[in-house]
Structure formats: structure tokens, C-alpha cells
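For the numbers below, each heavy atom of this structure counts, side chains included, while hydrogens, waters and symmetry mates do not. All values derive from a computational prediction rather than experimental measurement.
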Amino acid sequence: MSIEKVAQLAGVSKATVSRVLNAHPGVKPDTREKVLSAIAACDYQPNLLARQLRTAQSHMLLVLISDITNPFCSRVVQGIEAEAELHGYHILLCHSASQLQREAAYLTLLTGKVVDGVITMDAASGLQDLQQIIAGAPWVQCSEFDPAIPASSVTIDHLDAARDTVRYLYSHHREQGYYQAINALGLDWSGVAYTSDISTEAGS
């Protein structure tokens, strides 16, 4: 099925269909819905290679994950994928294990224009080596960062994190004090339960 047939079925121009396929923001929601319905009805498969050659964009992002078994990394990848899809991008997930040789092999996708940019999750100590390979390509580093690296970064507020850590450790002292007081008074207890909900209903 051709783009012309999709346009005819949706009652729009080929240019409008193209804008929908390329996630262009200037398309009215109802028009976008009509085009997407026509695409589904026609089972239309766009020629991604032709579009990539025409626009010099693949709408793909390379995500180098250092440890695929780490739950933290998995949650970050979920967020990356959700945000990428909102902007018409897809991700190519690669497990690098923070091994420079593997990362260098994956990063050839940048020079080959298979991906438009890269998101890394490496330790700060390895970023200098990555910089030599990535050069001036679009690059975002997650979690740890090196201020000497000319890459955008997404990380936490380390001051707040340190304060939260101290508060967490202090809360365990409160728990120890609770046990000591209960034992000193000769009272019985069954255990301490933790919850993220501190409402009245949760405590009943």
C-alpha cells in the first residue's frame, strides 16, 4: 500500500501523511487520528530507509546500558523509551557492560547514521574515553557525570541525596530506640512495618 492510498483514504494530502509519519507537531489531533486509522486499515509500512536517506535522520537513539541486570538501569531505560516515543523516536538498547571495546563497536552506528544520537549510563571515570569516540555527536549521559565532558547530563541532586541518606540512617536509630524502650518496659511487639503512605487510612 502506498502513501497516496493512505492519503486518499484519510482524505488528506500526501504531505499531511508524511508529517504524521515523521511525528511533526503541526498536525491537528483529529487529522492525525484519521491518518493513523488509514495507516492501520491499509497495513501501510513506511520505507524507513528511504525516509532516512531523504531526511538524514533515522529517528533512532542508541542507548548504551552498563548493567542490564540492574533494576535502576531498567527503570531509567523505561523512562527514556517513553519520552523518546512522545517525540517520534525509538531506542536501540545495547548492553555494553562498560567495556570500551564493545561501546566503540556499538558507536559505529553513529557514524553510519543508523542512529541520531546516543544515551550512555557509564561511570564518570570512563567518560573521557567515550568522548574520543563520540566526538561531536548528540550525547546525553545519565546518572553520573563529568563536568569536563561536553555532553548533556541527567542526574540527581547530590546534595539532596546525601541529606536523604543521613535521614534514612537516622530513622534506623529511631527504630533501635523503639526496640530498646519496648524491651525495657517488658512489652511485647511483633515487628515494624514500613509504608510509603502516611495517611490516616493507611494506619487503621
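When every heavy atom of Leu9 is checked against every heavy atom of Ala41, the shortest pair comes out as CD2-CB, 4.1 Å. Asp116 and Pro138 make their closest contact through O-CG, 3.4 Å (heavy atoms, listed as atom of the first residue, atom of the second, distance). Here the closest heavy-atom approach between residue Ile133 and residue Ala104 is recorded as CD1-CB, 3.8 Å.
Residues satisfying the side-chain contact (heavy atoms from CB on, under 4.5 Å) test with Glu33, not counting sequence neighbours, are Ser37. Arg102 is linked by a salt bridge (charged side-chain N to carboxylate O under 4.0 Å, His left out) to nothing, counting only residues two or more places apart in sequence or in another chain. In this structure Ser96 satisfies the side-chain hydrogen bond (donor to acceptor under 3.5 Å, both in side chains) test together with Glu103, sequence neighbours excluded. Glu81 is linked by a side-chain contact (heavy atoms from CB on, under 4.5 Å) to Glu85, Ile91, counting only residues two or more places apart in sequence or in another chain. With sequence neighbours excluded, the residues that form a side-chain contact (heavy atoms from CB on, under 4.5 Å) with Ala15 are Ser13, Arg19. For His95, the side-chain contact (heavy atoms from CB on, under 4.5 Å) partners at least two apart in sequence or on another chain are Ile65, Ile68, Ala97. Considering only residues two or more places apart in sequence or on other chains, Tyr106 meets the ring pair (Phe, Tyr, Trp, His ring centres under 6.0 Å) condition with none of them. Applying the salt bridge (charged side-chain N to carboxylate O under 4.0 Å, His left out) test to Asp160 and every residue at least two apart in sequence or in another chain returns Arg163.
Residues Leu185 and Ile182 share a hydrophobic cluster, clusters being chains of Ile/Leu/Val/Met/Phe/Trp/Tyr side chains in contact below 4.5 Å. Cluster annotation: Leu100 and Leu109 are assigned to the same hydrophobic cluster (Ile/Leu/Val/Met/Phe/Trp/Tyr, side-chain heavy-atom contacts under 4.5 Å, transitive).
At a threshold of 4.5 Å between non-hydrogen side-chain atoms, the residues Leu64 and Met121 do not count as touching. With a 4.5 Å cut-off on side-chain heavy atoms, Val17 and Lys14 do not count as touching. In this structure, Leu61 and Val118 have side chains that are not in contact, with every pair of non-hydrogen atoms separated by 4.5 Å or more. The closest side-chain heavy-atom distance from Trp139 to Leu127 is below 4.5 Å. A heavy-atom distance below 4.5 Å is not found between the side chains of Leu92 and Val63.
Within 6.0 Å of the CD atom in Glu4, the count of heavy atoms belonging to other residues, nucleotides or ligands exceeds 12.
When each of Val140, Val77, Leu93 is checked for a side-chain contact (heavy atoms from CB on, under 4.5 Å) with Ile119, only Val140 meets the rule.
Counting only N and O atoms by type, the side chains of Thr120 and Gln141 include a donor and acceptor under 3.5 Å apart.
Note on residues 64-75: pairs passing side-chain hydrogen bond (donor to acceptor under 3.5 Å, both in side chains), not counting sequence neighbours, are Asp67-Thr69.
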